[in-house]
Amino acid sequence: MSNPNPIPNIPESTWSRPIGLGWENPYTVRYDCNLDDGPWHGMPLGGLGAGCIGRSSRGEFNLWHLDGGEHIFRHLPACQFSVFEEINGQKKAYSLCTESPEDGSLSAWNWYPKTTNSSEKTGTYHALYPRSWFVYENVFSTQLSCEQFSPIWANNYQESSYPIAIFEWTAHNPTDEPITLSILLTWENTIGWFTNTLASPKVRVREDGSPTYEYKPRWGDSTGSVNRLVEDFHRIGCLMTRLSTHEQVQEGDGQMAIATITNPAVEVYYQTRWNPTGSGEEIWQYFAEDGTLLDQESEHPAKEGERIAVGLAVKFTIRPGKTRKIPFYLTWDLPVTTFASGINYYRRYTDFFGRNGRNAWSMVRTAMKHSDTWREQIEAWQNPILQRQDLPNWFKMALFNELYLLTDGGAIWSAADERDPFGQFGVLECLDYCWYESLDVRLYGSFSLLMLWPELEKSILIAYSRAISQGDNTLKIIGYNQAPAIRKAVGATPHDLGAPNEHPWEKTNYTSYQDCNLWKDLPSDFVLQVYRDFLFTGATDYDFLKECWSASVETLHYLKTFDLDQDSIPENSGAPDQTFDDWRLQGISAYCGGLWLAALEAVIAIGQTLEKAGLSESVQPSPDAVIPTYQNWLETAKPLYQETLWNGEYYRLDSGSGSDVVMADQLCGQFYAKLLELPDIVPAECTILALKTIYNSCFKKFHNGRLGAANGLRPNGEPVNPKETHPLEVWTGINFGLAAFFIQMGMKAEALELTEVVVQQIYEHGLQFRTPEAITAVGTFRACHYLRAMAIWAIYDQLK
């Protein structure tokens, strides 16, 4: 009996793109010193903090984030699926990437035809993180599709860490004749490639003032690589490893495996050693002839200068009207991440698979046993959102797909220990600004982690809490003015949790464009996130509040030292000293001042919570000793903020510059106060008027509302200075945060209008799965793979 719907049930709200179809005018990078890999990005495969591999809509595997915190974007042609089909004696075979290798390798292979604007569509790529699909059309007689995913779902702290990718092929015969198919997975042995060859990489300052360091991986060095066949009950596969002289596993050491299932209805063929840099004829001549391989097995190590690959093919015949599913599995076991020399961490998944780097096949067995259940868990998590009729499909698409960064954003997730029972987690601010969990950015971007993996979210704030009382008097040169400054002042909230070339979580404040010890928003950001995370996780985790209490007190008192005129509001100094770090605010500012007021309310609420729980004596200082001080500051500061900055239509940028600019994010503090059910820091009617002014001046009058809200424009929509950088950029995460604020204040239509425009800019202009911090009106972007864009989950929180 014919299957009426052989193609897997692909949700309506995926991002989709014809296979191989390019972009006429994709966004390009704004500054040459920033990263621009081009638009061919697809959904990444791999667990959180386990390293990931990305595959684009033209079918190539091209993103290799397998060394913690490091970025490699290169097409590796030998890593590929290929399909052989025979019907009525007619044969065809294609490798399922639309681009042949630029270096001339694999010249014997036949590459899949791509869709062009003038040609028939050859298929469609769909993505809804953590699942994606290729549906192949108009090339094979078979109706053929492949679903790929990793076991990631909310509130899961085990499987979500696994370095596993599942590929489930569905083949349906819609004809009246039997069809013989063979699906081939080839893979190159890359073990040992993903580690820095430079023991002490040099740090330099780029032209934009931000630090970066040298990275030279062992890409292409396969000396000593070994492949072997594994047959295990109904499982068969190829295991790739590398001979090592180390007693203990080093970074880059380990295994990879590809595998499939055997049964009487299929024939499985293998080749455990072939040359991926040659013509590929040794594989292709047999596969293209009849869908087979030679079943050759060799465990000879690769010689110096030699590279080796494996192949696994599943051949079967489908009768008319019938459907067959064929699974493939890809696993990797690279258990160690090295930061600075001698600073080694085991990845989180090693808590479940061991730390010896020889567990790739154990992962295969686990995946074969549980992959169907994993997919059900993903669906159970996503379906309540996907089935909501009040949410448009474009929003549901972006909501899930923006989570890609938790996999591919240089994510690290360490093994658990007594101090950190869920391990420690971190995502880079972005690949250009290569340091972890920038606190000002995660004020917006952390809503996703908070709502989906709250224990990881809290672990990050605990790391900040531990860092606040620490100091580092090492001098460094500040990028924007070339002045010397100490790295970390005692009591200051650090800007970030460090970089992959040093010691994340322990050595903070890596960035050096500005002196982070002078920032006027970071202490407030920390306190607000602490109280937010306590409330959002049930308001019962008093251990978390206790652990963050003394740091909250210490850092707010540190921030108060910038209140030079003792009016109870710290002043901005005219330097880049807040998240809009190219924008020099002076005096009392709407942005930092509002966050300060909200943070005072939050720290009072934290102290009162500890008192009510009878925990006053277990923390230092005692809440009753400091709450009166905060109340006095708040009582003085709140009316001063209103009197100084409110102009009848919006809150002035600051008290010292004389600027009439309308700042899009002027009332972030009020958004947070209301979010945390604290008293308003400004009158509600002023909030509404300010948001309407922002909507009109920064959004609708800026290129007719086609791009999103610019950070700062005059009331008439004109720029203060056409050559300015940050004020004239549309920041994706700020726009999502602003949209959440709109909804909070009853402006849902405006919120969805703004959000849709920004989502369109990302997903229609080649920015998918590399969402930038900023876009401009001339089709450029800055800082791709950016953390703040996950603020789209703040919108969902307001829509719940």
Side-chain angles (χ1 to χ4, degrees), residues 43-55 65-66 68 127-132 147-168 235 237 254-259 261 327-335 337 345-385 400-401 403-409 411-417 420-427 448-459:
M43 196 203 73
L45 294 158
L48 310 187
C52 75
I53 300 170
R55 190 183 185 200
H65 284 188
L66 295 177
L128 190 72
Y129 180 91
R131 302 164 73 195
S132 54
E147 177 184 357
Q148 49 189 32
F149 68 95
S150 294
I152 296 169
W153 62 89
N155 294 302
N156 177 276
Y157 298 93
Q158 179 168 332
E159 287 87 349
S160 293
S161 74
Y162 289 178
I164 292 174
I166 296 103
F167 304 87
E168 184 171 274
R235 299 175 281 262
Q255 297 178 334
M256 300 186 90
I258 61 171
I261 294 171
F328 283 87
Y329 306 88
L330 169 66
T331 67
W332 55 94
D333 182 13
L334 303 171
T337 290
Y345 279 78
Y346 288 105
R347 300 183 194 260
R348 167 64 169 170
Y349 77 84
T350 64
D351 289 338
F352 313 107
F353 285 104
R355 299 180 174 180
N356 61 12
R358 297 194 292 270
N359 296 292
W361 195 254
S362 178
M363 294 178 196
V364 165
R365 289 198 298 263
T366 300
M368 288 187 181
K369 183 176 180 181
H370 298 291
S371 59
D372 287 346
T373 302
W374 292 346
R375 186 196 288 104
E376 291 169 4
Q377 293 280 6
I378 294 168
E379 292 173 343
W381 159 44
Q382 292 187 334
N383 281 346
I385 297 174
F400 285 111
N401 281 334
L403 296 175
Y404 80 96
L405 197 76
L406 296 176
T407 298
D408 103 341
I412 48 174
W413 188 0
S414 70
D417 56 26
D420 296 294
F422 290 93
Q424 291 185 282
F425 185 79
V427 171
S448 57
L449 208 59
L450 170 61
M451 296 168 70
L452 302 173
W453 290 276
E455 296 300 335
L456 299 185
E457 163 63 22
K458 287 187 285 188
S459 78

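None of the values given here were measured: they were computed from a predicted structure. FYI, the numbering just counts along the sequence from 1.
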S.K.: If you look at every heavy atom in Ser459 and Phe425, which pair is closest and at what distance?
M.R.: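 So the minimum-distance heavy-atom pair works out to OG-N, 3.9 Å.
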S.K.: Aromatic ring centroids of Phe400 and Trp381 under 6.0 Å?
M.R.: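 Ring centroids of Phe400 and Trp381 are less than 6.0 Å from each other.
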S.K.: Could you tell me the separation between the CD1 atom of Ile164 and the OG1 atom of Thr331, rounded to the nearest 0.5 Å?
M.R.: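 Interatomic distance, Ile164 CD1 to Thr331 OG1, rounded to 0.5 Å: 6.5 Å.
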S.K.: Could you measure the distance from the CG atom of Leu450 to the NZ atom of Lys458? Nearest 0.5 Å is fine.
M.R.: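 Between atom CG of Leu450 and atom NZ of Lys458 there are 9.0 Å.
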S.K.: Could you check if a side-chain atom of Ile166 sits within less than 4.5 angstrom of a side-chain atom of His370, using non-hydrogen atoms only?
M.R.: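 Side chain of Ile166 against side chain of His370, heavy atoms only: no contact under 4.5 Å found.
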S.K.: Any chance you could lay out the side-chain contact (heavy atoms from CB on, under 4.5 Å) test for Thr373 and Glu159, step after step, and finish with the verdict?
M.R.: CA-CA 11 Å; Thr373 302; Glu159 287 87 349; over 6 Å; no
S.K.: Is there a donor-acceptor pair closer than 3.5 Å between any side-chain N or O of Asp408 and the backbone N or O of His65?
M.R.: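 Side chain of Asp408 to backbone of His65: no pair is present.
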S.K.: Which heavy-atom pair separates Trp332 from Gly51 by the least distance, and what is that distance?
M.R.: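 Closest pair (atom of Trp332, atom of Gly51, distance): CZ2-O, 3.4 Å.
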S.K.: In sequence, state the C-alpha distance, the side-chain angles, and the governing distance for Tyr329 and Ile261, and then conclude on side-chain contact (heavy atoms from CB on, under 4.5 Å).
M.R.: CA-CA 9 Å; Tyr329 306 88; Ile261 294 171; 3.7 Å; yes
S.K.: With respect to Cys52, which candidate in Pro44, Pro163, Ser150 satisfies the side-chain contact (heavy atoms from CB on, under 4.5 Å) definition?
M.R.: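 Only one of Pro44, Pro163, Ser150 forms a side-chain contact (heavy atoms from CB on, under 4.5 Å) with Cys52, namely Pro44.
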S.K.: To check you understand the geometry: which heavy-atom pair defines the closest contact between Tyr346 and Thr350, and what is its length?
M.R.: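 Result for this residue pair: CB-OG1, 3.6 Å.
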S.K.: Measuring from Asp372:CG to Glu168:CD, what's the distance to the nearest 0.5 Å?
M.R.: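 Separation between the atoms: 6.5 Å.
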S.K.: Is the shortest distance from a Lys or Arg side-chain nitrogen in Asp351 or Arg355 to a carboxylate oxygen in the other one below 4.0 Å?
M.R.: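 Yes, charged N to carboxylate O under 4.0 Å.
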S.K.: Do Leu456 and Arg348 come within less than 4.5 Å of each other through their side chains, counting heavy atoms only?
M.R.: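 In short, these two side chains do not touch, never coming nearer than 4.5 Å.
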S.K.: Using only atom types and a distance under 3.5 Å, with no angle test, would you say the side chain of Gln255 pairs donor to acceptor with the backbone of Ala360?
M.R.: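 Answer holds: yes.
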S.K.: Just how far is it from atom CG of Leu48 to atom CD1 of Ile412, taken to the nearest 0.5 Å?
M.R.: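 The CG atom of Leu48 sits 12.5 Å away from the CD1 atom of Ile412.
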S.K.: Looking at Arg235, I'd like to know if its CZ atom is crowded, meaning that more than 12 non-hydrogen atoms belonging to other residues, nucleotides or ligands lie closer than 6.0 Å.
M.R.: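 Atom CZ in Arg235 is crowded, with more than 12 foreign heavy atoms closer than 6.0 Å.
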S.K.: What's the shortest heavy-atom distance between Tyr345 and Ser414, and which atoms?
M.R.: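 Scanning both residues completely, I find the closest heavy atoms to be CD2-CB, 3.7 Å.
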S.K.: Within the 4.5 Å heavy-atom criterion, are Tyr404 and Thr407 side-chain neighbours or not?
M.R.: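 Side-chain contact under 4.5 Å: no.
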S.K.: Which pair of heavy atoms, one from Ser132 and one from Met43, lies closest together, and at what distance?
M.R.: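 Distance-wise, the nearest heavy atoms are OG-CE, 3.6 Å.
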S.K.: Enter the distance from Ile152:CD1 to Tyr162:OH here, rounded to the nearest 0.5 Å.
M.R.: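 Answer rounded to 0.5 Å: 12.5 Å.
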S.K.: Looking only at atom types and distance, does a side-chain atom of Arg347 sit under 3.5 Å from a main-chain N or O of Gly49, one as donor and one as acceptor?
M.R.: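 A pair under 3.5 Å: yes.
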S.K.: What's the shortest heavy-atom distance between Tyr157 and Trp453, and which atoms?
M.R.: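 What the structure gives for the nearest pair is OH-C, 3.2 Å.
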S.K.: Taking the side chain as every heavy atom from C-beta outward, state whether Asn155 and Leu452 have any pair of such atoms under 4.5 Å apart.
M.R.: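 The answer is no, as the side chains (C-beta and beyond) never meet within the 4.5 Å cut-off.
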S.K.: Taking ring pair (Phe, Tyr, Trp, His ring centres under 6.0 Å) as the definition, give me every residue that meets it alongside Tyr129, ordered by chain and number, with sequence neighbours left out.
M.R.: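 So Tyr129 forms no ring pair (Phe, Tyr, Trp, His ring centres under 6.0 Å) with any residue.
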S.K.: I'd like to know whether Phe149 forms a side-chain contact (heavy atoms from CB on, under 4.5 Å) with Arg375, so could you lay out the CA-CA distance, the side-chain angles of the two residues, the decisive distance to 0.1 Å, and finally the verdict.
M.R.: CA-CA 8 Å; Phe149 68 95; Arg375 186 196 288 104; 3.8 Å; yes
S.K.: Assess the residue pair Tyr349 and Trp413 against the criterion (side-chain contact (heavy atoms from CB on, under 4.5 Å)); give the C-alpha distance rounded to whole Å, side-chain angles, the decisive distance to 0.1 Å, and a yes or no.
M.R.: CA-CA 9 Å; Tyr349 77 84; Trp413 188 0; over 6 Å; no
S.K.: Are side-chain heavy atoms of Gln377 and Asn156 found at a separation under 4.5 Å?
M.R.: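 Side-chain contact under 4.5 Å: no.
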S.K.: Taking atom CG of Asp420 and atom CD of Glu455, what is their separation to the nearest 0.5 Å?
M.R.: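 Output value for this atom pair is 11.5 Å.
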